[in-house]
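A short worksheet on the structure shown next.
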Protein chains: 2
Amino acid sequence: MRELPSLNHCSTCVYKNLLFGNLNTEDLNFLNESKKEIEFKKGEIISEEGTEITSFLYLKQGLVKLYKKNPLHKDQIISIAKPRDFVSLLSIFSESTYKYSISALEDTIVCSVDIKAMKDVISRDGKFAIEILNKMSKMYDDILETRFEINKKHLRGRIAYILLYFSNHIYQSDEFDIPISRREIAELIEMTTENVIRILSEFRKDSIIKIDGKKIYLLEPERLESICKLG
Amino acid sequence: MRELPSLNHCSTCVYKNLLFGNLNTEDLNFLNESKKEIEFKKGEIISEEGTEITSFLYLKQGLVKLYKKNPLHKDQIISIAKPRDFVSLLSIFSESTYKYSISALEDTIVCSVDIKAMKDVISRDGKFAIEILNKMSKMYDDILETRFEINKKHLRGRIAYILLYFSNHIYQSDEFDIPISRREIAELIEMTTENVIRILSEFRKDSIIKIDGKKIYLLEPERLESICKLG
DNA sequence: TTTTAGATATGATATATATCATGACATTTA
DNA sequence: TAAATGTCATGATATATATCATATCTAAAA
């Protein structure tokens, strides 16, 4: 974890319009004052459940996982967040401590704004509040829908789903380095690690995919689509 | 469905402080103008996914289910809402049409405020916006947590969970008329109807519960607790 | 370097759950 | 009223999944 020198002002940020597009200059300056850009190395924890919420986080670069720790040594991964996602949006407005942990799956740059400053701006700019409501609602809906979708599928369908997820939503490519371990896949789609490995091997033997360590090639994405759809 | 004559003003409503406690008189009058109280009979649909969102709903009396319709004739029940719950909070700020359906499990009275009026007030009162954010976030977190909790349990644990849920959270009693069918229990805790019935019978044979049609008596709630906890 | 721990891999087996079949009973519909 | 439909109930069976055991390979630690 390393704080980066603050080079650009929020007002000139390429991502400004994602959320701050309609803020007035005064509020934008106000938020910019507490703004920090922080770099996290792969594996580092960005925020930990139970600790105090001090900032509103925005993912600028990299990839992170949101998860809930489990005493029995197997976590529950809730979702994967990618650049442009407001990773801290879950529960920061209802709790004073994080309900979920966030850690970096790749080297990641996070933009951080003081949570109090953020709430101040929301309090005086209702239009901004509506936008936050909108973003938050979308994020939760998306997670919920994904959860239901995964749970109603059989294991093969889940593996197909997650492979297509990385291919279509994260990397926009039929080949990619999968950023999480087999065990983390298991934690994300609720099955055992052994079965993740087994079914990946199965897909490999059926020539649906090619595996080379972390590198995965989707040889027949259409077949994955149909396995995913049929559950 | 029947609109009730409007007797009391929002300012004198016993539930005012749940959300409207800090609104100024002007805004409260404004919301009150579009306010309607509507009665739904058991089984009636309160709002249907895909239809346009026109109002912000608040459950005053009764019990409802939030669910997602499934083409394959088995719905997914997302949660049960009880008096004091803001049942329409899911997705009304991110979508123009409902993502979920809501229907009455018992005779229910719903308080309805025009969604546009609601957004107007949020836009001009940021403190109110923060409260909405808070309520919404809590509701989603709760649903998500429940989902994870249910899914990691075995079927017996799920049945124990849902019995305790009705006992502790809805009826505050060890005996109650269960307001949903076996099939709906299945839709809520993601298992087959046959297994719901089977396991309820099992609990009955083990004298953990007594069943008389819809009437359920928790004879040994402590044993249910432990079955629930152990999964 | 050696040792240790973790990740990947696979097989055998146990177990949990779904599916299919059938019947009784209750409730709605014709 | 009878017929039809849905709910509750239970058993037999098939299937999906977890668990346990073991091996190899890799990466981290001593």
Side-chain angles (χ1 to χ4, degrees), chain A residues 41-44 65 70 72-77 103 105 150-163 177-206 209-216 227-228 230-231, chain B residues 41-44 65 70 72-77 103 105 150-163 177-206 209-216 227-228 230-231:
Chain A
K41 290 288 170 196
K42 179 178 169 159
E44 282 189 304
K65 65 173 176 181
N70 195 308
L72 300 166
H73 201 51
K74 201 181 173 192
D75 298 339
Q76 171 67 58
I77 298 181
S103 79
L105 296 173
I150 286 172
N151 279 318
K152 73 176 177 222
K153 288 186 199 307
H154 287 170
L155 302 193
R156 285 167 54 87
R158 292 184 198 178
I159 294 290
Y161 181 91
I162 207 66
L163 289 174
D177 275 335
I178 196 153
I180 58 179
S181 67
R182 310 295 194 254
R183 182 208 184 122
E184 285 172 309
I185 296 176
E187 291 173 345
L188 179 56
I189 59 181
E190 300 182 63
M191 54 196 278
T192 59
T193 309
E194 292 96 319
N195 279 332
V196 170
I197 293 166
R198 221 187 297 274
I199 289 165
L200 282 173
S201 297
E202 225 176 284
F203 284 178
R204 176 175 46 72
K205 284 170 199 156
D206 293 348
I209 61 173
K210 195 183 139 194
I211 306 178
D212 185 10
K214 288 277 179 192
K215 191 107 195 159
I216 292 192
I227 292 169
C228 176
L230 296 172
Chain B
K41 290 288 173 194
K42 181 180 167 156
E44 281 188 305
K65 64 173 176 182
N70 194 308
L72 299 165
H73 201 49
K74 199 179 176 195
D75 298 339
Q76 171 68 57
I77 298 181
S103 78
L105 296 172
I150 286 173
N151 278 319
K152 74 177 176 221
K153 287 185 199 309
H154 286 170
L155 302 193
R156 285 167 53 88
R158 293 185 198 179
I159 294 290
Y161 181 92
I162 207 65
L163 289 175
D177 275 334
I178 195 153
I180 57 178
S181 67
R182 310 296 194 255
R183 182 208 183 121
E184 284 172 309
I185 296 176
E187 291 172 347
L188 178 57
I189 58 181
E190 300 183 61
M191 53 193 281
T192 58
T193 308
E194 292 96 321
N195 280 332
V196 170
I197 293 166
R198 221 187 298 274
I199 290 166
L200 281 174
S201 297
E202 226 175 284
F203 284 178
R204 176 174 47 71
K205 283 171 199 154
D206 294 347
I209 61 173
K210 193 181 141 195
I211 306 178
D212 183 11
K214 288 278 178 192
K215 191 107 194 161
I216 291 190
I227 292 169
C228 176
L230 296 172

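Note on naming: letters A, B, ... go to the chains in the order of the sequence lines (proteins, then strands), and numbering restarts at 1 for each one.
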* **For DNA chain D, the residues among residues 191-201 of chain B that have a non-hydrogen atom under 4.0 Å from it** => B:Glu194, B:Ile197, B:Arg198, B:Ser201
* To do: Would you mind reading off the distance between A:Arg204 atom CZ and C:dA9 atom P, rounded to a whole angstrom?
  => 7 Å
* Looking at NZ of A:Lys210 and CD1 of A:Ile216, how far apart are the two atoms once the value is rounded to the nearest 0.5 Å? -> 12.0 Å
* Between C1' of D:dC8 and CD1 of B:Ile159, the distance in whole Å -> 14 Å
Write down the protein N/O and nucleotide N/O pairs, taken from nucleotides 13-16 of chain C, whose separation is under 3.5 Å; answer none if there are no such pairs.
none

* Round to the nearest Å and state the distance from B:Glu184 atom CD to D:dG6 atom C1'. => 12 Å
* Asked: Which atoms form the tightest heavy-atom contact between A:Ile77 and A:Lys65, and what is the distance?
  -> CD1-CD, 3.9 Å
* Tell me, do B:Gln76 and B:Glu190 make a side-chain contact under 4.5 Å, heavy atoms counted? -> yes
* Structure fact -> Correct closest heavy-atom pair for A:Ala160 and A:Phe203 would be N-CE1, 4.0 Å
* Asked: Between B:Arg183 and B:Glu187, is there a salt bridge with N-O shorter than 4.0 Å?
  -> yes
* List the atom of B:Lys74, the atom of B:Met191, and the distance in Å for their closest heavy-atom pair. => NZ-O, 2.8 Å
* **side chain to side chain contact (heavy atoms under 4.5 Å, CB included) partner of A:Leu188, chosen from A:Ile150, A:Asp75, A:Val196, A:Ile180** => A:Ile180
* **A:Arg183 CZ - C:dG6 C1' separation (whole Å)** => 9 Å
* Structure fact -> On a heavy-atom basis, the closest approach of A:Ile209 and A:Leu200 is CD1-O, 3.7 Å
* Atom-pair distance (CD1 on B:Ile180; C1' on D:dG6), nearest Å -> 17 Å
Under 3.5 Å, which N/O atoms of the protein pair with N/O atoms of nucleotides 23-25 of chain C?
none

* Taking atom C1' of D:dA9 as reference, at what distance in whole Å does atom CD of B:Glu202 sit? -> 13 Å
* To do: Quickly work out the A:Arg182 CZ to D:dT24 C1' distance and round it to whole Å.
  => 15 Å
* Asked: Between B:Lys214 and A:Lys153, who's closer to the 5' end of DNA chain D by nearest nucleotide?
  -> B:Lys214
* Count the heavy atoms of every other residue, nucleotide or ligand shown that sit under 6.0 Å from NZ of B:Lys215, and state whether that count exceeds 12. => yes
* Asked: Just wondering, do B:Ile159 and B:Leu155 contact through their side chains at under 4.5 Å, heavy atoms?
  -> no
* Starting at atom CD1 of A:Ile211, determine the distance to atom P of C:dT8, rounded to an integer number of angstrom. => 10 Å
* B:Asn70 and A:Lys152: side chain to side chain contact (heavy atoms under 4.5 Å, CB included), yes or no, with the steps? -> CA-CA 11 Å; B:Asn70 194 308; A:Lys152 73 176 177 222; 4.3 Å; yes
